[in-house]
2 protein chains.
Amino acid sequence: MKQWNLLSENRGKRIARGLAITGRIADPGKIVALLEAVIESGDRVCLEGNNQKQANFLAGALCALDPARVHDLHMLLSVLALPEHLDIFDKGIASRLDFSFSGPQAVRLARLVATGKINIGAIHTYLELFGRYFIDLTPRVALVAAQAADRQGNLYTGPNTEDTPAIVEATAFKNGIVIAQVNEIVDVLPRVDIPADWVDFVVPAPTPHYIEPLFTRDPALISEVQVLMAMMAIKGIYAEYGVERINHGIGFDTAAIELILPTYAESLGLKGKIGRHWALNPHPALIPAIEAGFVESVHSFGSELGMERYIEARPDVFFVGRDGSMRSNRAMSQVAGHYACDMFIGSTLQIDMQGNSSTATLGRISGFGGAPNMGSDARGRRHPSAAWLKAGEQARQQTSQEKKKMPRGQKLVVQIVETFREHMQPAFVEELDAWKVAEQAKLAIPPVMIYGDDVTHILTEEGIANLLLCRTEEEREQAIRGVAGYTPVGMARDKKMVENLRDRGIILRAEDMGIDKRMATRDLLAAKNMKDLVRASGGLYAPPKRFRNW
Amino acid sequence: MKQWNLLSENRGKRIARGLAITGRIADPGKIVALLEAVIESGDRVCLEGNNQKQANFLAGALCALDPARVHDLHMLLSVLALPEHLDIFDKGIASRLDFSFSGPQAVRLARLVATGKINIGAIHTYLELFGRYFIDLTPRVALVAAQAADRQGNLYTGPNTEDTPAIVEATAFKNGIVIAQVNEIVDVLPRVDIPADWVDFVVPAPTPHYIEPLFTRDPALISEVQVLMAMMAIKGIYAEYGVERINHGIGFDTAAIELILPTYAESLGLKGKIGRHWALNPHPALIPAIEAGFVESVHSFGSELGMERYIEARPDVFFVGRDGSMRSNRAMSQVAGHYACDMFIGSTLQIDMQGNSSTATLGRISGFGGAPNMGSDARGRRHPSAAWLKAGEQARQQTSQEKKKMPRGQKLVVQIVETFREHMQPAFVEELDAWKVAEQAKLAIPPVMIYGDDVTHILTEEGIANLLLCRTEEEREQAIRGVAGYTPVGMARDKKMVENLRDRGIILRAEDMGIDKRMATRDLLAAKNMKDLVRASGGLYAPPKRFRNW
């Protein structure tokens with residue numbers, strides 16, 4: 001007779017071992033012993049390392065395990081953010097890794113992969129990784145972070161719900177073990193984000209969980225070139241397609257767009273016509289647009305430090321709980337970004353001549369976070385919008401010889417980059433570093449963030465290339481070269497063909513859009529520095545220290 | 001000064017009006033008055049009508065509202081399943097509709113659209129509709145169904161969690177109103193699926209919520225043609241690509257595949273190599289494969305009536321709570337189906353010569369449920385698998401002239417159909433009815449379930465057309481005609497070209513795969529009728545009455 005309850009039986013033993021060491025509300029001093037009691041070698045362990053919120057107390061405890069007793073863990077992490085996330089491998093406690101993003105640890109990750117200390121399963125986009133938690137990467141143990149717990153073990157995540165519900169659901173309902181670190185134990189929670197019976201142990205951590213203000217951009221650092229690019233984005237794309245539902249990437253290029261909505265876009269009469277609904281973290285740079293009435297709603301993947309009081313005071317715009325604080329949810333916001341937004345616009349490090357882009361550069365394995373999910377055509381989408389239909393029409397404009405093709409809309413996927421990035425590295429290249437990274441890290445295929453056939457527009461300081469209108473691979477290549485400026489790739493353009501593409505409206509220069517470049521000054525920014533943002537928020541926004549010089 | 005808390009202020013008034021009529025645990029006799037107190041004309045109202053679970057008591061109450069007082073509701077429904085779902089429009093209480101699937105009500109829906117009583121926003125795939133709940137279709141009021149509530153208002157959904165978490169989260173955290181009908185109020189819930197502070201009113205309904213056993217297929221009705229097609233699927237696709245993670249559609253064609261896993265697939269030595277992980281409702285037809293050890297895990301959109309005890313006895317396979325019963329979740333299972341499965345295989349009603357398929361036929365507006373989400377290439381996917389890489393390679397096989405293209409995997413999307421469906425209607429057509437349906441229902445574009453450029457294989461009793469290997473539109477068309485049998489479309493094939501496609505392995509006949517057609521008998525089915533399924537389950541499966549003749 002086959003036994004069908006091995007997981008629950010094994011779970012029972014682990015819980016009993018854990019309870020022999022400490023209570024369900026666990027003694028933080030016994031956390032290492034608790035982990036050693038409930039984790040077994042070879043386990044898939046999901047450690048909550050998100051874009052912002054970090055279960056850093058549990059990460060530290062995991063590093064303190066004895067690798068002779070616990071080893072070969074298979075780690076699942078949304079984001080490799082902390083040194084501890086890699087220490088686990090360096091110390092021989094874990095050996096295999098599936099993840100989404102590793103920005104701050106990308107160099108060290110590459111090194112550990114090269115020395116064989118980390119065996120990478122795959123790089124994912126967030127929602128893809130969550131999907132696998134329910135199929136073939138279900139965590140045996142989940143180590144998560146919350147703001148507070150009550151004595152029953154109900155969790156309150158506050159505004160930083162982020163990945164917690166997806167992780168806990170996949171683990172708790174497959175007879176896994178869920179351990180949450182919390183900042184405090186309280187009698188009555190402001191609200192319940194995760195029910196107590198989905199959680200096995202709660203540990204009050206000695207210090208609040210670490211949280212990173214990842215989406216704050218100081219307007220003082222926005223250049224006039226970025227203002228010009230933002231003007232082209234608004235006039236040449238947002239207005240052109242009537243884009244009402246948007247996801248913005250992280251970065252100064254999109255922050256510039258946010259900051260000229262109430263000035264430049266307003267002057268074009270675009271209020272109520274573009275940027276009404278957003279899948280977006282509460283970017284401080286969005287405050288002036290919200291105050292000007294541009295923004296009707298924002299659903300967020302996670303929160304942003306310092307925005308708490310502002311969000312609570314603007315409940316008509318943000319998703320908030322009965323307690324007034326935000327409820328974010330990375331899984332559902334990624335779903336919304338994928339299926340309910342008409343446009344993704346973000347930056348990248350390298351673009352090749354087919355339009356493929358990647359942030360994986362030599363010596364770094366960085367991952368892509370949410371970009372692949374939002375920066376790809378959602379082919380399962382069926383509801384129309386003006387923007388989606390127009391993009392689809394442009395992509396399928398038929399020559400008279402062709403058969404009647406089935407019409408279909410398309411998502412706008414815009415890459416916004418200056419032709420040269422930091423240290424005068426060209427953003428446009430003949431071949432992506434991703435090919436070599438794939439070799440080094442033994443990946444099956446090069447790690448591409450956004451594939452060329454999903455990209456609809458490339459926007460640089462030289463203009464916009466509308467790839468939807470290109471009819472051949474060659475046209476596409478020249479359209480890209482035609483906005484690649486003075487990079488070697490841009491210099492190698494076929495000038496005649498580029499002029500022809502411009503005549504046909506495939507390449508648009510600022511002047512073709514009726515944009516006066518002299519207007520592209522920092523004066524257009526609705527907030528010119530952090531203080532302006534605070535002022536725009538009516539004093540509700542409280543920037544983290546590192547962003548304040550007053 | 002702009003006011004920023006209109007939603008919460010308005011919510012407060014509605015709740016107060018509701019509480020003036022009945023308590024938070026509401027009197028079912030006062031349900032109509034309660035709804036009239038909390039719903040306002042023009043509201044977006046999400047009524048839980050799922051694939052299986054129905055908030056039918058609340059649907060009935062909604063129909064009893066006075067249209068002079070409450071009208072022009074904008075209804076949001078996953079599935080139009082009950083007559084009440086359309087009565088709401090017929091009576092002038094609602095006027096606008098956004099939905100995903102309307103199988104049982106498709107004819108009446110078409111009629112109400114034609115008479116102008118329903119204005120359709122759009123047809124969606126489930127996950128897309130959920131995504132919009134967080135962006136531009138956030139419900140003002142959600143009417144949901146659960147198994148039980150405690151006196152605090154915590155909800156227990158039991159195995160049929162389905163759409164409830166997604167609906168409630170979007171509503172509760174945008175200051176909307178959530179009303180749940182429950183079968184019973186209890187002192188202590190077996191587990192908490194929805195926390196009490198996300199719910200405003202709980203109504204014990206006089207009868208348990210309606211639930212439909214939608215995924216049960218009686219093996220007695222499976223034909224030998226279907227057995228042959230199942231053999232071709234397993235040998236020509238599952239084994240060929242090594243497909244380990246699968247989503248099956250609903251229907252007899254895929255039920256036949258499930259039922260020959262432990263016989264035919266086992267004889268080919270495929271156990272442990274195909275069909276290990278599933279995003280799937282607990283199909284009774286899967287029981288023999290589970291018992292044979294083929295299936296390692298199943299995550300489900302919803303449950304299936306009669307499977308409760310079987311699921312509880314197989315917790316290593318299914319996702320279950322601490323109480324032992326299943327936790328389903330349509331949103332997360334659709335995410336898993338989209339991103340973590342290598343193959344979708346399902347049936348359709350019509351396929352055109354570009355491979356586009358649709359279930360929208362004249363006089364019916366049926367919607368597509370989850371098929372568009374799972375039957376499309378997940379272009380945001382980044383993790384490789386053998387099946388995904390091989391499909392991608394086939395699609396991108398390069399002729400020597402072509403440039404080195406960026407490699408990329410691809411999802412296997414298989415359409416399995418007999419060339420003639422009921423009433424000798426051909427499944428293959430020169431033009432989809434969807435074009436005319438679009439005109440009739442004033443849709444922006446024809447309602448296509450799966451687009452031709454997402455389909456990788458078409459499988460009929462005549463063989464398999466591998467569209468990945470087609471290099472021109474013409475080859476694609478002839479490959480489709482080449483498996484379209486004696487339909488007019490099939491008869492119009494270019495015989496020479498079809499033979500050439502067969503020589504190149506683009507069209508595969510049973511004999512090309514080494515399949516002996518004489519083996520294609522019902523003897524291969526691991527269960528030949530409902531009683532066999534019960535027996536295979538060790539008596540744990542309890543089919544609903546309509547499926548029992550004993």
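Every chain is numbered from 1, with letters handed out A, B, ... down the list of sequences.
Heavy atoms closer than 4.5 Å to chain B are found in the side chain of A/Asp200, but not in its backbone. With a threshold of 4.5 angstrom between heavy atoms, A/Asp197 approaches chain B through its backbone and through its side chain. Heavy atoms of A/Ala444 lying under 4.5 Å from chain B belong exclusively to its side chain. No part of A/Met326 comes within reach of chain B, as not one of its non-hydrogen atoms sits under 4.5 angstrom from that chain. Heavy atoms closer than 4.5 Å to chain B are found nowhere in A/Ala378, neither backbone nor side chain. Looking at A/Val298, neither its backbone nor its side chain comes within 4.5 Å of chain B, counting heavy atoms on both sides. Using a 4.5 Å cut-off between heavy atoms, A/Leu432 touches chain B through its side chain atoms alone. Contacts between A/Ile123 and chain B at a heavy-atom distance below 4.5 Å involve the backbone alone (N, CA, C, O). For B/Ala434, no part lies under 4.5 angstrom from a heavy atom of chain A. Contact of A/Ile246 with chain B is not made at all, since no heavy-atom distance falls under 4.5 Å. With a threshold of 4.5 angstrom between heavy atoms, B/Arg245 approaches chain A through side-chain atoms but not through N, CA, C or O. Only the side chain of A/Thr138 comes within contact range of chain B, with at least one heavy atom under 4.5 Å from a heavy atom of that chain. For a residue to count as touching a neighbouring chain, one of its non-hydrogen atoms must lie under 4.5 Å from one of that chain's; by this rule A/Trp278 touches chain B with the backbone only.
By the salt bridge (Lys or Arg N to Asp or Glu O under 4.0 Å) test, A/Arg408 is found to be paired with B/Asp453, B/Asp454, residues two or more places apart in sequence or in another chain being considered. Residues satisfying the salt bridge (Lys or Arg N to Asp or Glu O under 4.0 Å) test with A/Glu291, not counting sequence neighbours, are A/Arg314.
Under a 3.5 Å cut-off, the side chain of B/His383 and the backbone N or O of A/His124 do not form any donor-acceptor pair.
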